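Take a look at the structure set out below.
Quantities reported herein were computed from a predicted structural model and do not represent experimental measurements.
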Number of protein chains: 2
Amino acid sequence: MVNKMVNNNLLDEMAKILKKSNKQTVKQKKIIEVAITLFAEKGYSNTATSEIAKMAGVAEGTIFKHYGTKENLLLSIMVPFIKDFFPTMADELIGELMNDKCTFEEFLRAFLTNRIAFISENREIFQVVIKEIIYKEELKNEILPYILEAASVRLVKVIEIFKQRGDIKDIPNDSILKMLGTVMSGFFISNFILLNKKSISEDAIEDIVFFILNGFGQSPQ
Amino acid sequence: MVNKMVNNNLLDEMAKILKKSNKQTVKQKKIIEVAITLFAEKGYSNTATSEIAKMAGVAEGTIFKHYGTKENLLLSIMVPFIKDFFPTMADELIGELMNDKCTFEEFLRAFLTNRIAFISENREIFQVVIKEIIYKEELKNEILPYILEAASVRLVKVIEIFKQRGDIKDIPNDSILKMLGTVMSGFFISNFILLNKKSISEDAIEDIVFFILNGFGQSPQ
DNA sequence: CTTAAAAGTGAGTGTTTAATCACTTACTTT
DNA sequence: AAAGTAAGTGATTAAACACTCACTTTTAAG
C-alpha cells in the first residue's frame, strides 16, 4: 500500500549515467558484447581487461576512456538488465492478465513463459548478474534489497486478487511469497546457471506450473 | 539399479591426498579456518594468500608448504564437504527411515531437517562450495555431474518406495527428481547464500514440507 | 643428548593487472 | 582554414599477486 520510495543509490545513479551516453559507438558495443561473454563464462574477477580489449579488437585504453574503471564496466552491463527485468515488461503483462478474468493457472503459465523468454534472450547477462550478486557481498547488499522489494510489490497485488477469486488457498501472503520466490529463483538458477540451459521446453514449464498448483503428494492433507 | 562406478578423478584423487595427511597441526587448522571465512565472504578470487597468512598468524610460506598451490587449498576445503554431504549421513538416515513404515511426509520432514542441520553447521563451507561451483566453469563441469549422480541414485530409491505405498502421485521419476532438485537447491541457495540465513526455523521447514506435499492451488486439477 | 625429519619463516622473484597519460586521428562547428 | 571535441591508441607504471627458497625452529624417536 505505502509506496516506499526506496532511492537505491547505486542503481539509480548508474541508470542516470547510462542515460547520458546513449549513443554507443561500434567499438563500445563490441567491448560490452565481449565483456558479457567473458564475464559470464569465467567470472568478472577472472577476466582481465587486456583480454577484453584484445578480443574486442580495441586498445586497452579505450575501455578506460569510456568506462573509467573495470567495476564500472560491470555495472554498465548489470544495471540495465536489473532495471528492465521487473518494471517494464512484467507490469504490462500483469496489467493485461488482470483485466481479463483469467485463472491463476493461466496467469502463472503466461508469467513464467514471459519471464523465461526474457532470460533466454539475455542468458549471458543473467548469468553475469546472478554470479556477481552471489560472489560479491557488497554488490549483493546493494542490489538484492531492490530486487526483493520490486518483486514483492508486484506479486503481492497478484496474489491478493487471486485469493479473492478463490484460486489460491488462504495462506499468509508472506509464506506464499517466500515459496514462490524460492521455487522460481531456484528454477531460474538451476536451469540457466547450474545446468546452463539455453531455453526451457514447454513441457518443463507445464511441469513447474503443475507443481506450483498441486504439489505431488497423493492426498492433500 | 546399475551401479555406474563413476570414477570422479578430481574428487577421488583429492580425497586420497587428504587422507594421507590426516594429522593437522594447529597452524594448519588455523589456515583452513581463516581460508573458509575469507573465501565465503569475498570469494576465492578476491582473497589473497598474503591476507590468509596474516589473519591466521602464519608466514605465507607455510601455506604453500602444506598445500602447494592456492587452488589446492580451495580443494582441501571443498572436497571433504562434498564427499560428506551425500554419502555418509544421508544414507544412514534413508536406511533408518525406510525400515520404519513412515509416511512420505514424515520422511520429507526428517530428511530436510537433517540436511538443513548439516548445512547450518557447515554454513561457510557450503557457501564456498556453491559460490565456486557457480563461478568457475571448469570446476562446475567436474563436480556437478558427481553431485547430480549421487543425489539421483539415492532419491530414486526413496521415490520408488513411496510410489508403491501410494504416497506419491504417479508422475515420471524424472519429473519428480527435477522438481525436488529445483525446489531443494532453490531453498538452500536462497536461504543460505542469497539471504545469508544462519539457521532455518521449524515453521519454515513446515512451510516447504507442506508446499512440496500440496502446492497451494485451491482445487487440485 | 643427538639427530634427522618435519614445520615454519620471511625476504625475494617474476608476472599479471588495472589504470594512466601524452598523443594521434577524424569529424564537426565557426 | 582555424578551432574545438570526442574517440581511440599503446607504451608505461605502480601495485598486487602467487609462489620459491635458503634458512631457522620445533618435534620426537633412538
Between A:E132 and A:K140, does at least one N-O distance fall below 4.0 Å, as a salt bridge requires?
-> no
Between A:E137 and B:K131, is there a side-chain N and carboxylate O pair less than 4.0 Å apart?
-> yes
Rounding to a whole Å, what distance do you find between [X]:[atom1] and [N]:[atom2]?
X: A:F64; N: D:dT12; atom1: CZ; atom2: P; value: 18 Å
X: B:I63; N: D:dC17; atom1: CD1; atom2: P; value: 13 Å
X: B:K70; N: D:dA16; atom1: NZ; atom2: P; value: 15 Å
X: A:K54; N: D:dG10; atom1: NZ; atom2: P; value: 14 Å
X: A:H66; N: C:dA19; atom1: NE2; atom2: C1'; value: 16 Å

Using Watson-Crick pairs (N1 to N3, plus N6-O4 or O6-N4) and G-U wobble pairs, both distances under 3.5 Å, which stems of at least 3 pairs involve DNA chain C?
-> C:1-30 with D:1-30
Nearest-nucleotide wise, let me know which of A:N46 and A:G68 is further upstream toward the 5' end of DNA chain C.
-> A:N46
On DNA chain C, check which nucleotide each of A:T47 and A:K65 is closest to and give me the residue with the more 5' one.
-> A:T47
For the pair [X] and [Y], name the ring-plane relationship: parallel under 30°, tilted 30 to 60°, perpendicular over 60°.
X: B:F107; Y: B:F111; answer: parallel
X: B:Y135; Y: A:Y135; answer: parallel
X: A:F85; Y: A:F81; answer: parallel

Any side-chain donor near an acceptor of the partner, B:S120 and B:S199, under 3.5 Å = no
Under 4.0 Å between a side-chain N or O of A:T25 and OP1 or OP2 of D:dA7?
-> no
Do the side-chain N or O atoms of A:T62 get closer than 4.0 angstrom to the phosphate oxygens (OP1, OP2) of D:dA7?
-> no
